K.L.:
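I'd like to ask some things about the structure below.
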Number of protein chains: 2
Amino acid sequence: MSAVQKHDVFQAIADPTRRKILMLLAKQDLSVTAISDQFPITRTAVSKHLRILSESNLVGMTKAGREKIYKLHPETFAEIKDWLSYFDQFWDNKLSMLKFLIEEQEK
Amino acid sequence: MSAVQKHDVFQAIADPTRRKILMLLAKQDLSVTAISDQFPITRTAVSKHLRILSESNLVGMTKAGREKIYKLHPETFAEIKDWLSYFDQFWDNKLSMLKFLIEEQEK
DNA sequence: ACAACAGGAAACCTTTTGGTTACATATCAT
DNA sequence: ATGATATGTAACCAAAAGGTTTCCTGTTGT
């Protein structure tokens with residue numbers, strides 16, 4: 001159903017530039033050049049970032065003539081959410097947080 | 001209110017070992033040695049991971065005699081969730097996903 | 001008092017990462 | 001056809017990341 005994930009999604013979103021690229025693509029689909037215009041680094045560097053985002057299934061690409069249009073592949077964000085939901089028990093438990101803050105205070 | 005964040009939280013969760021440490025701490029608070037017993041790497045290496053998790057506010061620590069007990073600091077997970085929620089508009093919009101999948105099919 | 005235990009710091013090493021420049025390929029416009 | 005545009009690949013480089021070993025500092029139990 002979904003493509004094989006060649007790159008770890010957590011490692012993909014670790015880089016600030018890649019996160020900015022995702023933010024840009026959240027607003028609109030963009031070509032490689034259009035994206036790299038937004039950064040002080042070379043187009044080649046942006047191209048590498050896009051490959052990593054692509055290999056972690058965070059973005060998808062479609063050819064349009066000589067351009068390649070990148071777009072958000074939102075399905076994969078669910079994986080991060082799933083992982084985070086593991087910690088919800090603590091987040092929701094205000095008591096454990098309060099306990100922690102008190103201990104912080106005392107130290 | 002909250003401590004200064006010396007380390008990027010996204011970069012902190014990028015490492016698989018650090019994610020496993022967080023999973024362990026989700027179950028129970030643990031000392032450095034107790035944590036490093038769960039990994040094939042040295043205690044020193046685990047110690048470095050804990051420093052990074054600590055500096056990104058994902059975990060907290062309290063001294064107990066000669067031991068240092070690490071525990072989840074769930075507050076910080078909210079930051080990741082906030083960032084992810086930015087992409088919810090796409091995730092919730094099944095049409096845009098369908099559109100993407102059709103384009104994938106056609107290519 | 002002192003041996004054993006818990007943890008961190010320093011110096012070092014190797015691999016990965018993020019970037020570059022130079023070149024190659026494909027498409028478009030005239 | 002051919003010059004300009006869009007993108008990717010290869011080779012390379014510096015810095016950061018993740019790991020190690022070797023010490024050093026506290027704390028604990030006897």
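All values derive from a computational prediction rather than experimental measurement. Within every chain, numbering begins at 1; the chains are lettered A, B, ... in the order of the sequence lines, protein sequences first and strands thereafter.
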K.L.:
Shoot me the first and last contacting nucleotide of DNA chain D against chain B, ordered 5' to 3', at under 4.0 angstrom to non-hydrogen atoms.
P.N.:
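First and last nucleotides in contact are dA17(D) to dT28(D).
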K.L.:
If you compare all heavy atoms of N57(A) against all heavy atoms of H73(A), which two are closest, and at what distance to 0.1 Å?
P.N.:
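Minimum heavy-atom contact is O-CB, 3.3 Å.
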K.L.:
Looking at every heavy atom in both I41(B) and A45(B), which two are closest together, and how far apart are they?
P.N.:
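Shortest heavy-atom separation between I41(B) and A45(B) comes out as CD1-CB, 3.8 Å.
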K.L.:
Within the 4.5 Å heavy-atom criterion, are K71(A) and V59(A) side-chain neighbours or not?
P.N.:
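Contact flag for K71(A)/V59(A) side chains = no.
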K.L.:
Which whole-number value in Å describes the distance from I21(A) CD1 to dG19(C) C1'?
P.N.:
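Those two atoms, CD1 and C1', are 13 Å apart.
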K.L.:
Can you tell me which residue among I69(B), L72(B), L58(B) is in a side chain to side chain contact (heavy atoms under 4.5 Å, CB included) with L25(B)?
P.N.:
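Of the listed options, the one satisfying the test is L72(B).
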K.L.:
Please verify the inter-ring angle class for W83(B) with F77(A); under 30° counts as parallel, over 60° as perpendicular, anything in between as tilted.
P.N.:
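Rings of W83(B) and F77(A): tilted, as their planes differ by 30° to 60°.
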K.L.:
What is the nucleic acid contact for T33(B), judged by heavy atoms within less than 4.0 Å: base, sugar-phosphate only, or nothing?
P.N.:
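T33(B): backbone/sugar contact only, no base atoms under 4.0 Å.
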K.L.:
Which residue lies toward the 5' end of DNA chain C, V32(B) or A14(A), if each is placed at its nearest nucleotide?
P.N.:
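By nearest-heavy-atom nucleotide position, the 5'-most residue is V32(B).
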K.L.:
Quick check: closest heavy atoms across L30(B) and A34(B), and the distance to 0.1 Å?
P.N.:
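Closest approach of L30(B) to A34(B): CD2-CB, 3.9 Å.
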K.L.:
Of all residues at least two apart in sequence or in a different chain, which pass the salt bridge (charged side-chain N to carboxylate O under 4.0 Å, His left out) check with D37(A)?
P.N.:
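Per chain and number, D37(A) pairs via salt bridge (charged side-chain N to carboxylate O under 4.0 Å, His left out) with no residue.
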K.L.:
Give the minimum heavy-atom separation between R43(A) and V32(A), together with the two atoms involved.
P.N.:
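Heavy atoms only, the tightest pair is CG-CG1, 4.0 Å.
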K.L.:
Show the nearest heavy-atom pair for residues D82(B) and S85(B), with the distance to one decimal.
P.N.:
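Residues D82(B) and S85(B), closest heavy atoms: O-OG, 2.6 Å.
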K.L.:
Once you round it to whole Å, what is the distance between C1' of dT16(C) and CD of Q11(A)?
P.N.:
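Rounding to the nearest Å, CD of Q11(A) and C1' of dT16(C) are 9 Å apart.
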K.L.:
Please list, chain by chain and in numerical order, all residues satisfying salt bridge (charged side-chain N to carboxylate O under 4.0 Å, His left out) with R51(B), sequence neighbours excluded.
P.N.:
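Testing R51(B) for salt bridge (charged side-chain N to carboxylate O under 4.0 Å, His left out), a comparison that skips the adjacent residues, returns E55(B).
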K.L.:
F39(A) near the nucleic acid: base, sugar-phosphate alone, or nothing, with a heavy-atom cut-off under 4.0 Å?
P.N.:
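No contact.
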K.L.:
Heavy atoms within less than 4.0 Å of DNA chain D: which residues of residues 44-52 of chain B have one? Give them sorted by number.
P.N.:
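Here the set is T44(B), A45(B), K48(B), H49(B).
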K.L.:
For residues 14-22 of chain A, tabulate all N or O donor-acceptor pairs below 3.5 Å that involve a side-chain atom, not counting sequence neighbours.
P.N.:
from	atom 1	to	atom 2	distance (Å)
D15(A)	OD2	T17(A)	N	3.0
D15(A)	OD2	R18(A)	N	3.1
R18(A)	NE	A12(A)	O	2.7
R18(A)	NH1	H49(A)	ND1	3.1
R18(A)	NH2	Q11(A)	O	3.3
R19(A)	NH1	I13(A)	O	2.8
R19(A)	NH1	A14(A)	O	3.1
R19(A)	NH2	D8(B)	OD1	3.2

K.L.:
What string of B, S and - do you get for nucleotides 25-30 of chain C 5' to 3' if you count protein non-hydrogen atoms under 4.0 Å?
P.N.:
--BS--
